[in-house]
Protein chains: 2
Amino acid sequence: MIRIGDLATRAGVSVRALRYYEEQGLLYATRSASGQRHYPEAAVDRVRLFQQLYAAGLSSRTIATLLPCVDANEPDEESTALLVSERDRIDRQIEDLIATRDRLTAVIGSSKQECRHPSVPQKTSRTTGQPAHV
Amino acid sequence: MIRIGDLATRAGVSVRALRYYEEQGLLYATRSASGQRHYPEAAVDRVRLFQQLYAAGLSSRTIATLLPCVDANEPDEESTALLVSERDRIDRQIEDLIATRDRLTAVIGSSKQECRHPSVPQKTSRTTGQPAHV
DNA sequence: CTAAGACCTGACGTTGACGTCAGAGGCAAG
DNA sequence: CTTGCCTCTGACGTCAACGTCAGGTCTTAG
């Protein structure tokens, strides 16, 4: 069993965030006799999943709705619709981000080529199969 | 010359947003004798650019810093560094979103295939060249 | 035993991009 | 001229995901 401070460190979030997740119905903890929270090992991955979903623009409420579906791997009709709509929203967001990325890259490359370095490969051709047409 | 209400409609934002952009130093308007704002045609595209950059996670301050650079197409050293760091951040965000999208798609497809419809093509293979490996 | 940390609840503060409301003025149509 | 819509400034409200602080309890190393 993991204590809240250790979970926070291992999952890369704050203690406050973990209590907030519990408040939102996302994370459950057993309590010791004195009321301290104890988490199973699996909580680390679960919290990382929350971070991933938050980063993708899902709200606490949406995550709470989808959690039983993701856990049990048996989405009902309502949850599936929500899943699909969120997935499609993320799809559109990816497309928008690619367009913005290409636009920034065009500005960067407009007067200097020296900024190119191998740690950031060009992905436009990989994702669209077409050269940039800004 | 366009009035603020028309610009808002044509650019797809609120009047309040336009005044906010001006407050942040992003958008300038000439004023009539009575103080009403008038915008040139180019303001429509400019406002749409703001929306695109906001959607990519840039703040008003960052946009304000990069604007002269993007306008003049002659980035100085500092602006270029900021441009590159924002571009790289967007790159990482795209990667994260693709991973999340694939994860949601996997959950969707885990027990039902009927959800597949042609308006949302699979893009994983186009972007990674590999099948999903959740 | 005791002092330093970790933990508890409760509650107010923060931030960014606006929403909303109040009160006052401008402007073309009828 | 007045009616109705647009615009102005100024200022407070909103919302989500936490940050931070207060005041108290628990636990553990020494």
Side-chain angles (χ1 to χ4, degrees), chain A residues 1-40 43-44 46-67 86 89-90 93 96 100, chain B residues 1-40 43 46-67 82 86 89-90 93 96 100:
Chain A
M1 286 306 196
I2 311 175
R3 299 172 69 185
I4 196 172
D6 295 336
L7 177 57
T9 302
R10 290 177 56 184
V13 303
S14 68
V15 168
R16 178 68 175 92
L18 295 178
R19 290 200 268 252
Y20 176 74
Y21 299 159
E22 181 173 321
E23 189 183 320
Q24 298 299 306
L26 303 181
L27 195 60
Y28 320 98
T30 59
R31 297 298 187 111
S32 73
S34 61
Q36 303 207 352
R37 294 171 178 84
H38 291 301
Y39 302 92
V44 178
R46 174 165 280 251
V47 170
R48 290 200 177 123
L49 171 62
F50 296 159
Q51 290 298 110
Q52 183 179 10
L53 296 177
Y54 279 132
L58 280 76
S59 68
S60 294
R61 235 191 74 77
T62 302
I63 297 175
T65 305
L66 294 180
L67 258 192
E86 289 296 328
R89 188 184 52 73
I90 294 173
Q93 194 177 343
D96 291 349
T100 306
Chain B
M1 286 305 197
I2 312 173
R3 297 171 68 184
I4 196 169
D6 296 336
L7 177 57
T9 302
R10 292 177 56 185
V13 303
S14 69
V15 168
R16 178 68 176 91
L18 296 179
R19 290 200 268 251
Y20 175 74
Y21 299 159
E22 181 174 320
E23 189 182 319
Q24 299 299 307
L26 303 181
L27 195 61
Y28 321 99
T30 59
R31 297 298 188 110
S32 75
S34 61
Q36 302 207 353
R37 295 172 178 83
H38 291 302
Y39 302 91
R46 174 164 280 250
V47 170
R48 290 200 177 122
L49 171 61
F50 296 159
Q51 290 298 109
Q52 183 179 12
L53 295 177
Y54 279 131
L58 279 75
S59 68
S60 294
R61 234 190 75 75
T62 302
I63 297 174
T65 305
L66 294 180
L67 258 192
L82 184 53
E86 290 297 328
R89 188 185 52 74
I90 294 173
Q93 194 177 342
D96 290 349
T100 306

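Below, chains carry the letters A, B, ... as their sequence lines are ordered, and counting in each starts from 1. Source: prediction; values computed, not measured.
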At under 4.0 Å between heavy atoms, what does B:Arg19 touch on the DNA or RNA strands: base, sugar-phosphate, or nothing? base

Could you pull out all residues at least two apart from A:Tyr28 that satisfy ring-ring contact (aromatic ring centres under 6.0 Å, His included)? none

Separation of B:Ile4 atom CD1 from C:dC27 atom P, in whole Å? 15 Å

Assess whether atom CZ of A:Arg48 is packed by more than 12 heavy atoms of other residues, nucleotides or ligands within 6.0 Å. yes

Between B:Gln24 and B:Ser60, the two heavy atoms sitting closest are OE1-CB, 3.7 Å

Ring centroid separation for B:Tyr54 and B:Tyr21, is it under 6.0 angstrom? yes

Between A:Glu22 and A:Arg46, does at least one N-O distance fall below 4.0 Å, as a salt bridge requires? no

Do any of residues 22-36 of chain A sit with a heavy atom less than 4.0 Å from DNA chain C, and if so which? A:Arg31, A:Gly35, A:Gln36

Between the protein and nucleotides 18-22 of chain D, which nitrogen or oxygen pairs come in under 3.5 angstrom?
from   : atom 1 : to      : atom 2 : distance (Å)
D:dC18 : OP2    : A:Tyr21 : OH     : 3.0
D:dG19 : OP2    : A:Ser14 : OG     : 2.4
D:dG19 : N7     : A:Arg16 : NE     : 3.3
D:dG19 : O6     : A:Arg16 : NH2    : 3.2
D:dT20 : O4     : A:Arg16 : NE     : 3.2

Most 5' of B:Arg3 and B:Leu58 on DNA chain C, judged by nearest nucleotide: B:Leu58

Does A:Met1 reach the side chain of A:Leu7, with side-chain heavy atoms less than 4.5 Å apart? no

OH of A:Tyr39 versus C1' of C:dC7: gap in Å, rounded? 11 Å

B:Arg19 vs B:Ile4, test: side-chain contact (heavy atoms from CB on, under 4.5 Å). Steps then yes/no. CA-CA 9 Å; B:Arg19 290 200 268 251; B:Ile4 196 169; 3.7 Å; yes

Do you see a donor-acceptor pair shorter than 3.5 Å between the side chains of B:Ser59 and B:Thr62? yes

